K.L.:
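Sharing a structure here in structure tokens format.
The structure presented is a predicted model; accordingly, all values stated were derived computationally and were not measured.
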Amino acid sequence: MTIYPNNFLFPDLLNSAILYFGIFPFSRSSSARRRQRRLCGPSLSSSPPPLPISRVRVRVRVLRRRGAPPIHRLPSASCVGLGLGEEGSWWESMSMHERKTIDLEQGWDFMQKGITKLKNILEGIPETQFSSEDYMMLYTTIYNMCTQKPPHDYSQQLYDKYRESFEEYINLTVLPSLREKHDEFMLRELVKRWSNHKVMVRWLSRFFHYLDRYFIARRSLPALNEVGLTCFRNLVYSEINAKVRDAVISLIDQEREGEQIDRALLKNVLDIFVEIGLGNMECYENDFEAAMLEDTAAYYSRKASNWILEDSCPDYMLKAEECLKREKDRVSHYLHSSSEQKLLEKVQHELLFVYASQLLEKEHSGCHALLRDDKVDDLSRMYRLFCRIPRGLDPVSQIFKQHVIAEGTALVKQAEDAASNKKAEKKDVVGLQEQVFVRKVIELHDKYLAYVNNCFQNHSLFIRH
């Protein structure tokens, strides 16, 4: 059974001790020591020994009878039982009033049981429940091994073993499972492995939390969470990111061709490229986005070279507008939001900028024809598309200017011809022709002013003309 991160929101039981019990076995504050002495007797050292588990259980029962809030336990499906056996007896004696020195091998053997159980759960192997007591024993083991007097302070060795636990699991289990799968099956396995890895990091960083609080902080070392995620990046991501990138791009191209794909899967995979950067976007941008944009340019370059020969200007623009809409939709569903502008610019360049002249000057369907035939909707679409690209409206406005001048010139010539043919007629007839001419000029002005306002959104380039 796969366990996902949200199933592992168990509380830090030692912090719970502060809230629910009024004690903190490992605290060095005087008030905490006084509370501990009331329960356990006086401390024999400056570093108080852990509170015996049996006393914690008694105290929990007393507080519950007094109406204290309940302790939140892990869901049974996401818990591990250590099966302590003889080690359980050792741990009980270790946690008594007189603290025994724990050697590295002995303590690590105990920790290894908990880590192994956790790995089994991640692999779907049935395990017994992980109780609050088990968790506290693992935490306290790390605490004791880190607070013993030299040469028995094993903080550095435990820090190294924490990292080695991830490396061993990745090399023996995770990488083999990924190497045997390809394409979409590999992507699904990667999503599962990354999800499980984050769970493992969360659990182990809780077990080893004392290292984060003291040893790591004092030595300015990478935090436990960072160490765990870095192991995945260095061992898994570095090996397969190129294959993953190619598989994702292949699926995107399939969707562009009209095939149905699993968008949720792509979203989860691309989230890995983002998360693996640990706060920056370099992995996403360098290892995926750059190749995706290059593929996008090549894809639409092929499409445009065919469409410009086959389609009329209105049909071409409809296809271009639909492509831009679909690419924007891809960003909203699985690409990172930072890719939107770069992606749309690639599409606009290949579909519009490269073929702008050919498209606008198509003999029977270009901009001149649209103005001549009063294709208001197509002219509006032309404006929406070409206003997106640098100086894209310049040729449109020039064609508009030429068309308006030609229309006005034709009107003037028509009036002049009519006037020359009527020289011999009476003055009142000539006056009537002048009125007709003025009315037609006003109608022409109003018509193209409406074009400027409605089709071209009152853009300054068209107003000047």
K.L.:
Between Tyr300 and His349, is the ring centre distance below 6.0 Å?
P.N.:
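Not under 6.0 Å, so no.
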K.L.:
Please evaluate residues Lys346 and Glu327 with respect to the criterion salt bridge (charged side-chain N to carboxylate O under 4.0 Å, His left out), reporting the C-alpha separation (whole Å), side-chain torsions for both, the decisive distance (0.1 Å), and the verdict.
P.N.:
CA-CA 10 Å; Lys346 284 289 184 185; Glu327 293 302 325; over 6 Å; no
K.L.:
Between Glu239 and Arg179, does any side-chain N to carboxylate O distance fall below 4.0 Å?
P.N.:
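Yes, this pair counts.
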K.L.:
Out of Leu187, Leu270, Ile249, which residue meets the side chain to side chain contact (heavy atoms under 4.5 Å, CB included) rule with Val244?
P.N.:
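With Val244 as partner, side chain to side chain contact (heavy atoms under 4.5 Å, CB included) holds for just one option, Leu187.
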K.L.:
When you measure from the side chain of Ser397 to the backbone of Leu393, do you find a donor-acceptor pair of N or O atoms at a distance under 3.5 Å?
P.N.:
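The answer is yes, because a donor-acceptor pair under 3.5 Å joins these two groups.
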K.L.:
Checking side-chain contact (heavy atoms from CB on, under 4.5 Å) for the pair Val174/His197: CA distance, chi angles, key distance, verdict?
P.N.:
CA-CA 9 Å; Val174 177; His197 187 81; 6.0 Å; no
K.L.:
Contact between Thr141 and Phe207 at the side-chain level, heavy atoms closer than 4.5 Å - yes or no?
P.N.:
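The answer is no; the side chains never approach within 4.5 Å.
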K.L.:
With the threshold set at 4.0 Å, does a side-chain nitrogen-carboxylate oxygen contact exist between Asp271 and Lys267?
P.N.:
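Between Lys267 and Asp271 there is a salt bridge, with a charged N closer than 4.0 Å to a carboxylate O.
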K.L.:
Applying side chain to side chain donor-acceptor pair (under 3.5 Å), run through Ser250 and Asp253 and close with a yes or a no.
P.N.:
CA-CA 5 Å; Ser250 175; Asp253 283 342; over 6 Å; no
K.L.:
So which heavy atom on Val396 is nearest to which on Cys367, and how close?
P.N.:
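Val396 and Cys367 have their closest heavy atoms at CG1-SG, 4.3 Å.
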K.L.:
Counting only heavy atoms not in Glu164, do more than 12 sit closer than 6.0 Å to its CD atom?
P.N.:
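Result for CD/Glu164: enclosed.
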K.L.:
Do you see a donor-acceptor pair shorter than 3.5 Å between the side chains of Asp377 and Ser380?
P.N.:
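No, no side-chain donor-acceptor contact under 3.5 Å.
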K.L.:
For the aromatic rings, using the six-membered ring if either is Trp, is the centroid distance between Tyr448 and Tyr451 under 6.0 Å?
P.N.:
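Yes - the distance between ring centres of Tyr448 and Tyr451 falls below the 6.0 Å cut-off.
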K.L.:
Would you confirm whether Asp262, through its side chain, and Ala264, through its main-chain N or O, come within 3.5 Å as a donor-acceptor pair?
P.N.:
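Yes.
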K.L.:
Hey, are the side chains of Tyr139 and Arg206 touching, using non-hydrogen atoms and a 4.5 Å cut-off?
P.N.:
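Of all side-chain heavy-atom pairs linking Arg206 with Tyr139, none is under 4.5 Å.
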K.L.:
Are Phe400 and Leu379 close enough that some pair of their side-chain heavy atoms sits under 4.5 Å apart?
P.N.:
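No - every pair of side-chain heavy atoms lies 4.5 Å or more apart.
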K.L.:
Output yes when Glu167 and Arg163 qualify as a salt bridge under the 4.0 Å nitrogen-oxygen rule, no when they do not.
P.N.:
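So Glu167 pairs with Arg163 through a salt bridge.
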K.L.:
Looking only at side chains, do Gln157 and Trp108 share a donor and an acceptor under 3.5 Å apart?
P.N.:
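Gln157 vs Trp108: no donor-acceptor pair found between side chains.
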K.L.:
Assess, by modelled atom type and distance only, whether the side chains of Ser177 and Glu189 contain a donor and an acceptor separated by less than 3.5 Å.
P.N.:
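The answer is yes; a qualifying pair exists.
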K.L.:
Taking NZ, NE, NH1 and NH2 as the nitrogens, is one of them in Glu168 or Lys161 under 4.0 Å from a carboxylate oxygen of the other?
P.N.:
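A salt bridge is absent here (no side-chain N lies under 4.0 Å from a carboxylate O).
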K.L.:
Could you report the tightest heavy-atom contact between Ser155 and Phe215, atom names first, then the distance?
P.N.:
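That would be CB-CD1, 3.4 Å.
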K.L.:
Looking at every heavy atom in both Met281 and Ser338, which two are closest together, and how far apart are they?
P.N.:
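So the minimum-distance heavy-atom pair works out to CE-OG, 3.8 Å.
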K.L.:
Just by modelled atom types, is the Lys192 backbone N or O under 3.5 Å from a matching donor or acceptor in the Ser195 side chain?
P.N.:
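Such a contact is absent between Ser195 side chain and Lys192 backbone.
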K.L.:
Hey, are Asp378 and Arg381 close enough for a salt bridge, meaning a charged N less than 4.0 Å from a carboxylate O?
P.N.:
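Salt bridge between Asp378 and Arg381, a charged N being under 4.0 Å from a carboxylate O: yes.
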K.L.:
Do Leu359 and Met317 have side chains that approach each other closer than 4.5 Å (heavy atoms only, starting at C-beta)?
P.N.:
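Result yes, sub-4.5 Å side-chain heavy-atom pair found.
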K.L.:
Please check this pair: side chain of Thr173 against backbone of Ile170, looking for a donor-acceptor N/O pair closer than 3.5 Å.
P.N.:
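No.
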K.L.:
Counting only heavy atoms not in Glu310 (residues, nucleotides, ligands), do more than 12 fall under 6.0 Å from its CD?
P.N.:
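Yes, enclosed.
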K.L.:
Specify the closest pair of heavy atoms between Leu190 and Ile272, including all atoms of both residues, with the distance to one decimal.
P.N.:
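Heavy atoms of Leu190 and Ile272 come nearest at CG-CD1, 3.8 Å.
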K.L.:
If I compare all heavy atoms of Tyr316 with all of Asp311, which pair ends up nearest, and what's the gap?
P.N.:
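For Tyr316 and Asp311, the tightest heavy-atom pair comes out as N-CB, 4.0 Å.
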K.L.:
Would you indicate whether the side-chain heavy atoms of Leu229 and Ile276 approach each other to under 4.5 Å?
P.N.:
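Sidechains of Leu229 and Ile276: no contact.
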K.L.:
Report yes if some heavy atom in the side chain of Arg263 is under 4.5 Å from a heavy atom in the side chain of Glu255; otherwise report no.
P.N.:
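Sidechains of Glu255 and Arg263: in contact.
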K.L.:
Please check if the distance between the ring centroids of Tyr210 and Tyr214 is under 6.0 Å.
P.N.:
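Between Tyr210 and Tyr214, the centre distance is under 6.0 Å.
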K.L.:
Given side-chain contact (heavy atoms from CB on, under 4.5 Å), test Lys198 with Glu275 step by step and report yes or no.
P.N.:
CA-CA 11 Å; Lys198 290 189 290 184; Glu275 294 170 11; 3.1 Å; yes
K.L.:
Considering all heavy atoms of both residues, which atom of Met200 and which atom of Ser165 are nearest to each other, and what is their separation?
P.N.:
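Scanning both residues, the minimum pair turns out to be CE-O, 4.2 Å.
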K.L.:
Would you check, one step at a time, whether the test salt bridge (charged side-chain N to carboxylate O under 4.0 Å, His left out) holds for Lys319 with Glu322?
P.N.:
CA-CA 5 Å; Lys319 288 182 178 180; Glu322 183 64 21; over 6 Å; no
K.L.:
If we count only N and O atoms by modelled type, under 3.5 Å, do the side chains of Arg330 and Ser339 hold a donor and an acceptor together?
P.N.:
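There is no such pair (donor and acceptor under 3.5 Å, judged by atom type) between the side chains of Arg330 and Ser339.
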K.L.:
Is there a side-chain contact (heavy atoms from CB on, under 4.5 Å) between Tyr237 and Asp287 once you walk through the steps?
P.N.:
CA-CA 10 Å; Tyr237 177 81; Asp287 298 335; 2.6 Å; yes
K.L.:
Inspect the contact between Arg256 and Asp295 and indicate whether a charged nitrogen and a carboxylate oxygen are less than 4.0 angstrom apart.
P.N.:
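Yes, charged N to carboxylate O under 4.0 Å.
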K.L.:
Any chance CZ of Arg326 has more than 12 other-residue heavy atoms, nucleotides or ligands included, within less than 6.0 Å?
P.N.:
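No, CZ of Arg326 has 12 or fewer neighbouring heavy atoms, counting only those of other groups under 6.0 Å.
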K.L.:
Is there a donor-acceptor pair closer than 3.5 Å between any side-chain N or O of Tyr355 and the backbone N or O of Ala304?
P.N.:
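Not at all, since once roles are kept as given, no pair shorter than 3.5 Å links the two residues.
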K.L.:
Is any side-chain heavy atom of Leu158 closer than 4.5 Å to a side-chain heavy atom of Cys146?
P.N.:
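Yes, close enough: below the 4.5 Å cut-off.
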K.L.:
First locate atom CG of Asn458, then atom CG of Leu449, and finally report the distance between them rounded to the nearest 0.5 Å.
P.N.:
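If we round to the nearest 0.5 Å, Asn458:CG and Leu449:CG are 8.0 Å apart.
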K.L.:
After noting the C-alpha distance and the side-chain angles of Tyr334 and Val248, does the key distance pass the side-chain contact (heavy atoms from CB on, under 4.5 Å) rule?
P.N.:
CA-CA 11 Å; Tyr334 52 81; Val248 170; 6.0 Å; no
K.L.:
So among Phe288, Tyr284, Trp194, which one has a ring pair (Phe, Tyr, Trp, His ring centres under 6.0 Å) with Phe273?
P.N.:
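Looking at Phe288, Tyr284, Trp194, the match for Phe273 under the ring pair (Phe, Tyr, Trp, His ring centres under 6.0 Å) is Phe288.
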K.L.:
Would you check, one step at a time, whether the test salt bridge (charged side-chain N to carboxylate O under 4.0 Å, His left out) holds for Glu257 with Lys303?
P.N.:
CA-CA 11 Å; Glu257 290 296 328; Lys303 290 294 183 183; 3.2 Å; yes
K.L.:
Quick check on Lys342: does its NZ atom have over 12 non-hydrogen neighbours (other residues, nucleotides or ligands) under 6.0 Å away?
P.N.:
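Counting neighbours around NZ of Lys342, more than 12 heavy atoms of other residues, nucleotides or ligands fall under 6.0 Å, so yes.
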K.L.:
Is there side-chain contact between Glu184 and Arg188, with at least one heavy-atom pair below 4.5 Å?
P.N.:
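Yes, at least one pair of side-chain atoms sits under 4.5 Å.
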K.L.:
Verify, without hydrogens or angle tests, whether Asp134 (side chain) and Ser131 (backbone) share a donor-acceptor contact under 3.5 angstrom.
P.N.:
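Checked: pair present.
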K.L.:
Using the rule given for side chain to side chain donor-acceptor pair (under 3.5 Å), can you reason through Gln156 versus Asp160, listing the C-alpha separation, both sets of side-chain angles and the distance that settles it, and then say yes or no?
P.N.:
CA-CA 6 Å; Gln156 182 63 59; Asp160 294 338; 3.1 Å; yes
